[in-house]
Protein chains: 2
Amino acid sequence: MNTHAEPNPEHQHTSAHDHSTCISDALTTAEHLCAERGVQLTPIRHKVLELIWASHQAVKAYELLDRIKPLQSAAKPATVYRALDFLIEQGLIHRVESLNAFVGCRCSGHQHEQLLLICKHCHEVEERTATEVMQALSDEFKQAGFIVHSKAIEVHGICAKCAESSADNAELLA
Amino acid sequence: MNTHAEPNPEHQHTSAHDHSTCISDALTTAEHLCAERGVQLTPIRHKVLELIWASHQAVKAYELLDRIKPLQSAAKPATVYRALDFLIEQGLIHRVESLNAFVGCRCSGHQHEQLLLICKHCHEVEERTATEVMQALSDEFKQAGFIVHSKAIEVHGICAKCAESSADNAELLA
DNA sequence: AAGTGTTATGTTATACTGTAACGACAATTT
DNA sequence: AAATTGTCGTTACAGTATAACATAACACTT
């Protein structure tokens, strides 16, 4: 199958907030951050970031490729993966390991490696700082004598909104 | 490249313990568990489990395929992936999402979803129960109203043994 | 202006990871 | 016996990611 053309709107909760603000906030933050750091948020990188922020769902690399081709007809896998590498390096997006997909990072610039809550129903990814969890993890590493380079904490399940909107839909609660 | 034929011995710590006991323990536990549950640990599944337990490193699916072919010349990708699916369902192995690889699970039968500490140097994967971390996570889910189906907590870095054995090797501590 | 270094991108090819779909076959159930 | 279930063989393909090399664009120097 190769039918990924749009963010899957099936169960999205975007109506609950002004998503255009999410996008523009993320983009202007990214622009400032890159300017400060003296790195280039080139048109391709900017576009990829914008496409990722089109929803709060994690987006696959080849979906991005399909969506960027109309605008950048030379685009190839490497085009997208390079942009993704850059955005990850700069902390502007997260790679969701358990989905082979990518999602915008709200808290760019500082604080990384967060808890990602991934909803199986609406497919949106919520990012949480989870201070206590991180503290408990640090303690664990100290105990184990483990020197951390990077973490991925990914949890799959049903988000609050989906659970609520289908409180009588037993199927979800399995 | 397609040169994965053996567990990478480069930096393994297997000498520090009697690994043959690890293997046989894991296999007999698995046999008992499957018998109890009335599911079949067929020869293929048994072999895949054994191959995974050949080291404490995470093993890739196609490495397993290469290693199983001499014994099971009909083996195809599906052969391996089916066995892996079974072993995961039974809680006998973990899938390491951030590596697209698989590692034996020590604590089969009960308690799942653990903290995996993945060493970038020796590539061994240590599994920890991390009770405090799990408790903090539960609290976080409660706060977020998130209903958990599965978790993956994977941390990359340098394990205690590697850190120690190269205390003067500054390169690792980056 | 010509040369050099650096960064980003274009381009081709290929490697690696994973699944769908269908049939064969055996064991079990009805 | 027929139907069902579980496992495996087999073919084909979908999806994910990178290597390697070429080119372009720009900044800087000489």
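Chain naming here is simple, since letters A, B, ... match the order of the sequence lines and numbering starts at 1 in each.
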**Student:** Quick check: is A:Leu51 connected to A:Ile88 through a chain of hydrophobic side chains (ILVMFWY, heavy atoms under 4.5 Å apart)?
**Tutor:**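 Yes, A:Ile88 and A:Leu51 fall within the same hydrophobic cluster.
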**Student:** How close or far is atom C1' of C:dT11 from atom CG of A:Leu65, stated in whole angstroms?
**Tutor:**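 To the nearest whole Å, that distance equals 13 Å.
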**Student:** Would you call the rings of B:Phe102 and B:Tyr81 parallel, tilted or perpendicular, where under 30° means parallel and over 60° means perpendicular?
**Tutor:**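 Rings of B:Phe102 and B:Tyr81: perpendicular, over 60°.
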**Student:** Can a donor-acceptor pair be found between the side chains of B:Asp139 and B:Gln135 at a distance below 3.5 Å?
**Tutor:**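 A pair is found: one side chain offers a donor N or O, the other an acceptor, under 3.5 Å apart.
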**Student:** Rounded to the nearest Å, what distance is computed from the CG atom of residue B:Leu99 to the P atom of nucleotide C:dG18?
**Tutor:**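 Distance, rounded to whole Å: 11 Å.
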**Student:** Please determine, by modelled atom types, if A:Gln90 and A:Arg37 share a side-chain donor-acceptor pair under 3.5 angstrom.
**Tutor:**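 Side chains of A:Gln90 and A:Arg37: pair found under 3.5 Å.
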**Student:** Does the pair B:Lys161/B:Glu164 count as a salt bridge with the N-to-O cut at 4.0 Å?
**Tutor:**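 Not counted as a salt bridge, because no side-chain N and carboxylate O are separated by less than 4.0 Å.
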**Student:** Of B:Pro43 and A:Arg95, whose nearest nucleotide on DNA chain D comes first from the 5' end?
**Tutor:**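 Of the two residues, B:Pro43 wins.
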**Student:** Dump every N/O contact between nucleotides 25-30 of chain C and the protein below 3.5 Å, one line per pair.
**Tutor:**
none

**Student:** Is it the case that the base of C:dA15 and the side chain of B:Tyr62 share a donor-acceptor contact (distance under 3.5 Å, atom types as modelled)?
**Tutor:**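 Side chain to base: no pair present.
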**Student:** Are OP1 or OP2 of D:dA17 and a side-chain N or O of A:Asn100 less than 4.0 angstrom apart?
**Tutor:**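 Answer is yes, contact under 4.0 Å.
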**Student:** Is there a path of hydrophobic side-chain contacts, each under 4.5 Å between heavy atoms of I, L, V, M, F, W or Y residues, that connects A:Val103 with A:Ile93?
**Tutor:**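 Result: no, two separate clusters.
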**Student:** Do the charged groups of B:Arg95 and B:Glu97 touch, with an N to O distance under 4.0 Å?
**Tutor:**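 Judged by the 4.0 Å cut-off on N to carboxylate O distance, B:Arg95 and B:Glu97 do form a salt bridge.
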**Student:** Assign the ring pair A:Phe146 / A:Phe141 to parallel, tilted or perpendicular, where the plane angle (0 to 90°) is split at 30° and 60°.
**Tutor:**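 Aromatic pair A:Phe146/A:Phe141 classed tilted.
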**Student:** Could you check whether B:His123 and B:His56 have their ring centres less than 6.0 Å apart?
**Tutor:**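 When the ring centroids of B:His56 and B:His123 are compared, they turn out to be at least 6.0 Å apart.
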**Student:** Between B:Lys142 and B:Glu140, does at least one N-O distance fall below 4.0 Å, as a salt bridge requires?
**Tutor:**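 Looking at B:Lys142 and B:Glu140, the cut-off is not met.
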**Student:** Could you check which residues of residues 71-85 of chain B get a heavy atom under 4.0 Å from DNA chain C? Sort them by number, please.
**Tutor:**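 Output list: B:Pro77, B:Tyr81, B:Arg82.
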**Student:** Using nucleotides 4-7 of chain D, report all nitrogen or oxygen pairs with the protein that are shorter than 3.5 Å.
**Tutor:**
{"unit_1": "D:dT7", "atom_1": "OP1", "unit_2": "B:Arg45", "atom_2": "NH1", "d": "3.2"}
{"unit_1": "D:dT7", "atom_1": "O5'", "unit_2": "B:Arg45", "atom_2": "NH2", "d": "3.4"}

**Student:** Charged N to carboxylate O below 4.0 Å: is that the case for A:Glu154 and B:Lys151?
**Tutor:**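 No salt bridge links A:Glu154 with B:Lys151.
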